[in-house]
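Here the structure comes first, spelled out in structure tokens, and everything after it is commentary.
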Amino acid sequence: MNRPLIALVAAACALVAAPAAAADDGKIVGVVVDERTHEPIANALVVVQCTCLAGPIQITTNEHGAYAMNGLPPGEYTLQVLSGEADVSKVVTLGAHAKLRVRFDIDPQSEFKRAVRVERRAVPMSSSSSALYMMEGATTQMQSREPAPSIEQRLQEHSKLALAERDATAAATGQQNEPETPPMALPDVEKEPATSPLSDDFARQVVYSGAMTLAVFDLRKAKERIENLVVAEGGWVQSLHGQAMVLRIPASEFRSIADAIGKLGRVDSVEFEALDVTEDYYDLQTRIEVLRRTQKQLLDLLDKARTVTQALDVRRELDEVTLELEGLLGRQRVLASQVRFSALALVLAERIRQTDAPSTNDPFPWVDEIGVEGTAWR
Amino acid sequence: MALKHALFALTLAAGCRGPLHYEAPRGFAEAARDWRSIHYKASDNVGLKLLLFDNVAGGTLDYWGADLVRKLAARGYALREQSPLRSGNDVVGTRFDFAFARDGEAPQFLVVSLFVTDEFLYVAQLAGEAPLLPRYDARITEIAAALLAKGCLARSDVCNGPQPPALVTVSPPEDRRTDAPTAPSESAASDPTSGGSPGSARGEAPSPRSAPPA
């Protein structure tokens, strides 16, 4: 192969490789300020995580409260700011060649928010970009350049973080200190729609259920009509034993379907319940997020383990965390299902003379035996 | 002596027939019978059902007529016509013609012939699909005439009582023309957030002109 040909091949490779390299030129910049005094916060720790990165990045803000990272590949980034008591996270999506400004308004004294509004503003990129993580006017450190803490230290740190998050969430709920925007959705759990038929409050998670006893003249026909009603609205018959059935009805249609079922016969008894599980739901969500974070960091630690003993220790912890995480995810799915689909326990009774209870306290129920249903034939 | 025994046996036999005695009318086959009801079926699925109820003190034709119309109206039946009738033994009765339509089903007719004696209420109800009513309309009188309403006391006002006043029902809304729950239950069913509130029946219920039975 002669020299010009080699040069040609090299040039072609460079042309092909150039767009890929150029894609890693995203930029995230922002400022961290005290939301009460509006003063910039210096030396706040900003932790940036993304599956598109080899590992987390930690930087600190400069004296103007500013931070910046260059040379970032596109992906979904989690930005976490730690300052004093504050621990605030935001999730942003960085496109190719994009620049995002992410501002944090925090309260270092008592701040705790699970997730707050994400301010994403793409700005034109400057022509110069760097493949290095750079800090504008502040020190920049990659985690891999720091001395790695021991496994025990990391686990203790995460346990403390998890406990602090749970306590803070409970406190926030108790003090009705609602977050300004809906909490961050879990990627593995189907995002819940506004399920309350009674309220437009998106964040509320309410489980509706009910029980009804219905007297009908034609059991078979009534069952068919009820099943058709429920299925047509996206529900299903969860169980059917004789004349007792449990219906799962989309919560938004619960009221109208229960009403329609009531019209199929004589309602002898009816009872509805509403249970607000918002606290349980978001407590589960918080615990899941914490465990996910712990799990991810344990995986990182596992990669960095240098001895078999270290690897086994991390693996053991990882297994426990994974097991607990799966259990919580299962519980959350059940809870989400209960919120989305209300349960109506229905007992059908045949309206015949011997068992026909009066529909009211009327002493003369004789008219109950009169009507098309008990007279005409099919 | 033999004559006395014969009379006793005859009386006993007559008593055993019970107060509800009826022969199957032309075109109907007997599907079920017990001491207080007989159910017939025509080949076109029109049903004829005779029912017997015990009357109570104060129960008159206009009282039970109003009770009937009010309660059926609450279940979605609309009264179309009301006319006088007489049973085979000349007891005064009333014919009530109702229309009924459940959601998604063919409209049906219900004709209730009501006779009230001192001891019993006799109800002959004929029901089927609405288009079949003309075929049976003229036979209602014949069917009523074949009924012997027993239980009239001598010089009874009940058996010869006046016709009920002209009763009316307010046609229920289309979405309520069903076999209905009663008002309180339905009210509760319509709103999961409320425990249910008492409401009025759907039909316009005329008040009985006579005092309720004791």
Side-chain angles (χ1 to χ4, degrees), chain A residues 196-199 206 208-210 212-218 221-222 225 228-229 249 251 254-274 342 344 351-354 358-378, chain B residues 31 34 36-37 39 41-42 44-49 51 53-54 56 59 64 67-72 74-77 98 100 102-104 108-110 112 114 121 123 125-129 175-186 188-196 201 212-213:
Chain A
S196 166
L198 309 173
S199 165
V206 182
Y208 292 95
S209 59
M212 183 187 289
T213 305
L214 190 71
V216 295
F217 284 105
D218 189 332
K221 206 168 181 178
R225 288 172 63 93
N228 290 340
L229 262 174
I249 300 168
F254 188 48
R255 171 177 167 166
S256 59
I257 292 183
D259 196 24
I261 289 173
K263 290 177 182 172
L264 296 178
R266 189 190 63 212
V267 178
D268 286 340
S269 69
V270 64
E271 189 176 331
F272 292 103
E273 287 182 1
S342 306
L344 178 64
R351 293 181 70 175
I352 55 174
R353 187 168 57 241
Q354 289 79 2
S359 52
T360 65
N361 62 352
D362 190 299
F364 308 118
W366 66 293
V367 181
D368 284 354
E369 297 181 41
I370 297 172
V372 167
E373 306 89 343
T375 305
W377 301 85
R378 284 196 309 273
Chain B
D34 59 34
R36 59 182 295 276
S37 72
H39 201 173
K41 179 183 182 298
D44 54 9
N45 282 340
V46 168
L48 171 63
K49 195 170 191 178
L51 293 168
F53 302 95
D54 290 333
V56 294
W64 292 122
D67 196 48
L68 171 79
V69 172
R70 182 176 62 81
K71 288 173 179 171
L72 284 180
R75 283 166 42 196
Y77 289 83
F98 294 93
F100 180 74
R102 197 198 301 271
D103 290 341
Q108 294 184 293
F109 73 89
L110 173 70
V112 179
L114 175 65
L121 275 70
V123 174
Q125 51 178 334
L126 190 74
E129 294 189 355
D175 63 344
R176 292 184 153 197
R177 287 189 178 181
T178 54
D179 177 10
T182 53
S185 298
E186 184 189 31
S190 66
D191 186 0
T193 60
S194 74

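Here the structure is a predicted model, which is why all the values come from computation and not from measurement.
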Measure across B:R75 and A:V367 and return the closest heavy-atom pair with its distance rounded to 0.1 Å.
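Where B:R75 meets A:V367 most closely, the heavy atoms are NH1-O, 2.9 Å.
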How close do B:L126 and B:F109 get, heavy atom to heavy atom, and via which atoms?
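The pair with the smallest heavy-atom distance is O-CE1, 3.6 Å.
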Using heavy-atom distances under 4.5 Å, tell me whether B:V46 contacts chain A through its side chain, its backbone, both, or neither.
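The backbone, not the side chain.
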Can you tell me which portion of B:L121 sits under 4.5 Å from chain A's heavy atoms? Options are side chain, backbone, both or neither.
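Only the side chain of B:L121 comes within 4.5 Å of chain A.
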Given ring-ring contact (aromatic ring centres under 6.0 Å, His included), test A:F364 with B:F53 step by step and report yes or no.
CA-CA 10 Å; A:F364 308 118; B:F53 302 95; over 10 Å; no
Leading residue by heavy atom contact count with chain A [cutoff under 4.5 Å; candidates B:E129, B:K71, B:Q125]
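Result: the option with the highest number of such pairs is B:Q125.
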Set of residues satisfying side chain to side chain donor-acceptor pair (under 3.5 Å) with respect to A:S209, sequence neighbours excluded
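Partners of A:S209 under the side chain to side chain donor-acceptor pair (under 3.5 Å) test: none.
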